[in-house]
Amino acid sequence: MWTSLVGLVALGLAACAFPPTTGQGLIVWHTWSEAEAPVIEQVLVDFQRLHPEVRVSVERKPYTTALDEFAAASHAGLGPDVLIGVESVYAHLLNENGLATNLRAVAIDWTRFDANTLLSVEGQSRTRVGAPLNAYVGILFYNPTLIDAPPKTLADLMAMSQQGVKVGIPTTFFAGYWGITGLGGTVFDGDALGPDAEASLATWLTWLVTFQQTPGAVLSPDMRALVDGFARGDIALLAANSLELASLKERMGSDGVAVAPIPGFPQARPFSNVEVMVMNSASVQHEAVALLINFMTNETQQRKLARSTSGRAPVNRKVGRLNETLYPHVSVILKQNRAAVVPTTGQDRLINHLIVAADPVYQQVLEGVLSPEDGAREIVALVSKEERETP
Amino acid sequence: MTAESNILVLWQEVWTELLVYLGRPSVQAQLLVALVVLSVTIGASRRLQAWWQHVADPGEGQATLKRRLLYQVVHHMTPGIVALILLQMGKTVLVLWGTRGGLLDALLRIVVLYLMLKILLAVAFALGDGDGMRRYQGTLIIPLFTVVLGGQLLDVFFHNRQLWATPIFVMFDSPITLSGLFLVTVGFYLWVVGIHAVGQGIHYMATRYAGADVGTTQAMLTLLRYLLIIVGLGYVLFRLNFDTTTIAAISGGLSVGVGFALSTILSNFASGVLLLF
């Protein structure tokens with residue numbers, strides 16, 4: 001048995017001496033849904049056609065397990081050269097654990113991205129933990145069979161709900177951040193809690209409490225329940241992440257769902273999630289990875305991805321406009337994303353603290369246990385305490 | 001895409017991935033450490049085992065069970081323990097050097113599995129007859145361990161890949177996958193040999209330590225063996241997605257012919273069973 005094991009390992013080592021003769025191999029994992037996988041896989045086929053010297057092997061991994069699988073494989077020196085489709089916050093985690101390469105030294109054309117988008121992949125010591133591919137953002141979904149035109153302002157939204165139009169709003173900090181900015185507030189001062197945070201939170205909570213009294217208000221922290229309600233036709237308007245568009249289209253048909261900017265646009269600014277491509281730190285294919293990233297973020301591929309997928313906005317800044325008549329959904333998402341808040345690495349920890357502190361307090365305020373002012377005070381106190389205690 | 005082209009594309013991808021992995025310095029470093037560790041293990045454990053045999057071999061005589069057990073456990077576990085220690089040392093060196101050690105972790109898991117198997121073997125050697133155990137070592141233990149080793153290696157290198165579920169060819173309108181083919185051949189072989197080995201073990205223990213009647217035990221175990229083989233065969237056919245109506249039709253047609261041809265044998269077999277009870 002031991003001799004066979006030695007033989008096996010020796011064979012492996014001997015094979016190391018014979019690198020592939022027909023070009024470089026590039027292993028790519030992606031986390032796109034089964035329905036959207038053909039889109040990204042076609043882009044990779046096009047890349048392969050353009051660069052026959054790079055042999056691409058593609059595998060789809062479910063989003064829920066992809067990070068764990070990537071981490072385990074990378075720890076063994078295995079895994080893909082590139083992982084496509086992780087949120088920037090996870091790319092930072094992988095980089096901090098030594099599993100994702102700092103791409104700053106890799107020959108990627110960084111000038112094609114917005115400064116804000118780049119901030120989301122900028123780590124400590126000016127590292128770049130991944131390359132942006134797409135972004136998804138909070139938008140307003142509406143059912144065109146139930147309402148004629150979407151509301152443009154928060155006042156319009158309140159008025160529609162007053163008339164009995166069912167309006168779904170998520171009552172969590174992250175998904176409802178657009179409301180704070182829409183009412184002229186802000187929570188951040190750079191990477192720290194801003195001086196107006198408490199007042200801004202109190203204004204938004206007061207608005208939510210008032211809105212709750214209207215006949216059409218459907219408030220819930222459970223985004224899945226809200227999306228299901230919208231898909232069933234029980235809710236006519238819903239503020240949710242643009243990535244929901246794919247599943248809503250599938251359930252309601254393309255004509256059954258329409259999108260509009262968040263009420264209060266452009267002042268109302270939802271968070272934008274940047275979807276990135278991460279390079280495995282075990283990989284040595286820097287050249288091929290740079291080729292792939294530059295290909296996938298060029299203007300043509302970004303337009304193609306935006307047109308073919310549902311709910312993703314391009315990150316190449318040259319793709320500023322898409323034809324609104326031909327691509328009504330993507331053009332709205334693109335417009336909304338331009339006005340969105342891209343969390344920086346420095347803000348990630350603060351946002352996590354805000355989510356943990358604010359989400360339960362939002363419920364207490366809406367249940368009448370706390371007043372909006374007391375709720376806002378408690379959130380700020382909890383977050384400040386966490387910020388002080390976390391090294 | 002046909003089943004044949006499916007498997008061809010998949011194997012090409014697997015081959016590409018393997019070459020990419022082997023081209024990575026972190027993998028090469030781990031393989032090198034593994035090679036050194038395993039080579040040293042072979043040399044060192046052989047010397048240790050020879051020394052242990054020299055000082056503690058109870059021989060074929062009337063040594064106590066406790067002494068036989070101690071000798072066999074130490075003898076069988078020496079290579080595994082040496083490998084565990086050296087692998088852990090190798091991994092520590094790699095980590096200190098700033099390289100990854102995940103592959104060595106996988107190898108450590110394999111060695112732990114091997115050690116567990118060896119403990120069972122040592123107990124069996126101490127309790128039973130050495131010749132029988134040696135026979136099963138070649139026909140069952142080593143093939144079984146090779147299967148486990150292969151599975152572990154595939155899992156480490158191509159984690160979660162749909163390699164096993166890819167159809168290779170179509171038979172009786174059912175796509176035969178790699179896992180199905182493996183089950184029919186290696187799996188069924190191990191099942192049959194395994195049943196035989198366990199039966200032999202039970203027979204040995206029951207007759208030697210419990211004073212059971214040799215003939216009765218043998219007959220009951222034979223019946224049980226046939227039953228388990230039929231269960232195994234049924235499971236294999238089920239996993240291969242064989243149409244049960246086809247099986248029923250074939251077996252129905254055959255049963256008349258087989259019934260006539262084997263009537264004497266079957267009646268003798270039935271008489272034997274009746275005599276037992």
Side-chain angles (χ1 to χ4, degrees), chain A residues 1-29 48 54-62 64-66 68-82 97-99 101 280-286 288-289, chain B residues 9-10 12-39 41-43 45-46 79-80 82-83 94 98-107 110-111 114 117-118 137 141-142 145-146 149-150 153 156-162:
Chain A
M1 181 268 184
W2 292 103
T3 321
S4 340
L5 261 181
V6 169
L8 207 63
V9 175
L11 202 68
L13 266 175
C16 298
F18 299 96
T21 49
T22 50
Q24 321 168 56
L26 196 70
I27 306 170
V28 178
W29 287 2
Q48 171 85 86
V54 182
R55 284 169 305 121
V56 183
S57 161
V58 187
E59 197 172 345
R60 191 183 83 82
K61 296 282 178 187
T64 45
T65 58
D68 287 341
E69 280 189 49
F70 178 84
S74 179
H75 178 63
L78 307 174
D81 295 289
V82 181
N97 286 291
L99 303 174
T101 304
N280 188 345
S281 57
S283 168
V284 285
Q285 308 275 41
H286 292 81
V289 169
Chain B
V9 169
L10 195 65
Q12 270 176 352
E13 282 191 10
V14 166
W15 183 242
T16 303
E17 288 186 13
L18 193 62
L19 289 178
V20 169
Y21 291 151
L22 293 175
R24 292 181 179 170
S26 51
V27 174
Q28 291 168 359
Q30 290 178 83
L31 286 178
L32 190 67
V33 168
L35 184 67
V36 171
V37 164
L38 294 174
S39 305
T41 298
I42 291 177
S45 57
R46 275 185 188 159
V82 172
L94 278 184
T99 313
R100 287 140 213 266
L103 275 181
L104 296 185
D105 280 336
L107 199 54
I110 290 171
V111 174
Y114 171 81
L117 189 75
K118 277 296 193 180
Q137 207 168 353
I141 310 291
I142 291 175
F145 189 74
T146 309
L149 179 70
L153 288 177
V156 168
F157 278 95
F158 310 107
H159 184 63
N160 226 8
R161 182 177 269 283
Q162 294 299 311

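Lettering of chains follows the sequences in order, A, B, ..., and the numbering in each one begins at 1. Just so you know, these numbers come straight off a predicted model, no measurement behind them.
- Going from atom CG of Asp105(B) over to atom CD of Gln30(B) covers 8.5 Å, rounded to the nearest 0.5 Å.
- Ranked by heavy-atom pairs under 4.5 Å with chain B, the first of Ile27(A), Val56(A), Val284(A), Leu26(A) is Ile27(A).
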- Item | Residues Leu99(A), Arg100(B); criterion side-chain contact (heavy atoms from CB on, under 4.5 Å); working and verdict | CA-CA 10 Å; Leu99(A) 303 174; Arg100(B) 287 140 213 266; 4.0 Å; yes
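- Applying the side chain to side chain donor-acceptor pair (under 3.5 Å) test to Asp81(A) and every residue at least two apart in sequence or in another chain returns Ser283(A), Arg24(B).
- Contacts between Ala282(A) and chain B at a heavy-atom distance below 4.5 Å involve backbone atoms as well as side-chain atoms.
- Looking at Glu59(A), its side chain never comes within 3.5 Å of a backbone N or O of Val28(A) through a donor-acceptor pair.
- Contacts of Leu78(A) with chain B are made by both backbone and side-chain atoms, with heavy-atom separations under 4.5 Å.
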